[in-house]
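Chain A is the first sequence line, chain B the second, and so forth, proteins listed ahead of strands; every chain is numbered from 1.
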There are 2 protein chains.
Amino acid sequence: MTKPIRLNEQLCFSIYKAQKQFNHFYSQALAKYKLTYPQYITLLSLYEHGTMSVKEVGQTLNLDSGTLTPLMKRMEKDGWISRKRSAQDERRVDVSLTKKATDMRDEIYEHVGSCMTYLRFPDEVYDAIKAQVDSVDEHLAAIPDEELQ
Amino acid sequence: MTKPIRLNEQLCFSIYKAQKQFNHFYSQALAKYKLTYPQYITLLSLYEHGTMSVKEVGQTLNLDSGTLTPLMKRMEKDGWISRKRSAQDERRVDVSLTKKATDMRDEIYEHVGSCMTYLRFPDEVYDAIKAQVDSVDEHLAAIPDEELQ
DNA sequence: ATCGAGCTTATTGTAGACGATTTAATTAGG
DNA sequence: CCTAATTAAATCGTCTACAATAAGCTCGAT
């Protein structure tokens with residue numbers, strides 16, 4: 001008697017698939033820089049805000065140190081960032097961009113920007129979809145965990 | 001002179017965040033069944049289509065055997081599915097639902113369905129957002145990899 | 001009958017994601 | 001001023017995700 005749940009009618013599944021498509025899109029677009037998508041958004045956040053602690057980067061990306069520590073170690077090994085314990089507060093690790101990262105900044109902006117043109121969405125459509133997805137995110141975030149048990 | 005890319009203006013980032021919120025939402029809603037979201041959609045697909053090979057399940061979910069084999073082994077251990085090599089074609093592994101899974105079907109539909117009401121989107125809004133996200137997915141899927149290099 | 005092309009599943013290696021725990025450093029309270 | 005609580009990062013365990021590779025099977029052509 002219960003209404004069946006069809007996968008292709010579920011918004012969660014559409015978002016799940018779209019996220020994987022974006023991941024594939026960026027893995028192609030970023031291959032020449034050997035950056036993954038999570039590494040790329042870490043870089044974007046540092047371009048935007050400058051040197052930050054691991055915690056602060058995590059707040060901009062909704063990621064915790066369990067994800068960021070190994071990711072940033074890989075980015076450090078690849079020469080994008082440097083990590084240094086703060087002298088003022090030795091609990092913090094400050095993450096800053098290397099010369100390579102600042103030198104490549106405009107090229108990366110330009111290359112990724114040109115890749116985005118292949119999406120071929122007019123700005124208004126792009127903005128409208130983004131606003132709706134953001135509202136889904138906010139609605140979900142507002143649900144207390146207890147409601148779901 | 002290149003236009004900076006602001007994280008919070010990127011559709012990819014909105015979708016990335018929304019996908020993680022949905023993951024959290026379902027991890028709460030499915031906790032009582034000890035199912036993860038990828039396990040849940042595997043179950044949904046089997047409820048919908050009945051016994052299938054690993055390959056066919058993968059086609060409904062856009063996942064390959066590298067993801068599905070270990071995931072399904074866990075679901076088998078937890079008593080949701082059984083895996084058996086096909087007698088007709090011994091390359092295939094047929095995946096079918098256990099009695100537990102069919103017995104729980106309506107309860108799971110109902111519980112997840114009731115959790116969805118907390119999203120509080122009218123059907124038309126839900127459908128409109130879903131259609132737009134699907135179109136993003138399709139647009140991305142249509143871009144040949146070579147364009148992005 | 002058998003050989004090989006092509007298909008299906010399994011395995012491996014790398015990278016994310018996140019909850020839970022641990023360790024170290026800082027702050028606050030009595 | 002010292003201990004308790006808080007905070008930050010790292011670590012660990014578990015679960016995805018996917019590319020690349022391996023292994024085994026089927027079927028058709030010879």
Interatomic distance, [X] [atom1] vs [N] [atom2] [rounded to whole Å]:
X      : N       : atom1 : atom2 : result
Y26(B) : dC15(D) : OH    : P     : 21 Å
D78(B) : dT14(D) : CG    : C1'   : 12 Å
L61(A) : dC18(C) : CG    : C1'   : 15 Å
L68(B) : dT9(C)  : CG    : C1'   : 11 Å
F22(A) : dG16(C) : CZ    : P     : 19 Å
M75(A) : dA15(C) : CE    : P     : 13 Å
K73(A) : dG16(C) : NZ    : P     : 14 Å
M72(A) : dT11(D) : CE    : C1'   : 17 Å

Practice item. For the residue pair Y26(B) and Y37(B), categorise the inter-ring angle as parallel (less than 30°), tilted (30 to 60°) or perpendicular (more than 60°). Key: tilted

Review point. At what distance, to the nearest 0.5 angstrom, does OH of Y33(B) lie from OH of Y40(B)?
Key: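 Here the interatomic distance stands at 10.0 Å.
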
Check your understanding: If you round to the nearest 0.5 Å, how far is NE2 of H49(B) from OG1 of T51(B)?
Key ->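 It comes to 12.5 Å.
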
Study note, to complete from the structure: For nucleotides 17-27 of chain D, 5' to 3', base contacts (B), sugar-phosphate-only contacts (S) and non-contacts (-) with protein non-hydrogen atoms under 4.0 Å give BBB----BBS-

**Study point:** Crowding at NZ, K100(B) (>12 non-hydrogen neighbours, <6.0 Å)
**Key:** yes

Review point. Does a sphere of radius 6.0 Å around NZ in K20(A) hold more than 12 heavy atoms from other residues, nucleotides or ligands, not counting ones at 6.0 Å or beyond?
Key: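 More than 12 within 6.0 Å, yes.
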
Review point. Do F25(B) and Y118(B) have their ring centres less than 6.0 Å from each other?
Key: no

Review point. Of V93(A) and R74(B), whose nearest nucleotide on DNA chain D comes first from the 5' end?
Key: V93(A)

Practice item. Let me know which of L46(B), T42(B), V57(B) forms a side-chain contact (heavy atoms from CB on, under 4.5 Å) with I81(B). Key: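 With I81(B) as partner, L46(B), T42(B), V57(B) yield a single side-chain contact (heavy atoms from CB on, under 4.5 Å), made by L46(B).
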
Practice item. Report the nucleotide, chosen from dT8(C), dA9(D), dA10(C), that has the shortest atom-to-atom distance to any side-chain atom of R92(B). Key: dT8(C)

Point to revise | Side-chain N,O (S53(B)) to OP1/OP2 (dT8(C)) below 4.0 Å | key: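 The answer is no; no side-chain N or O of S53(B) sits under 4.0 Å from OP1 or OP2.
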
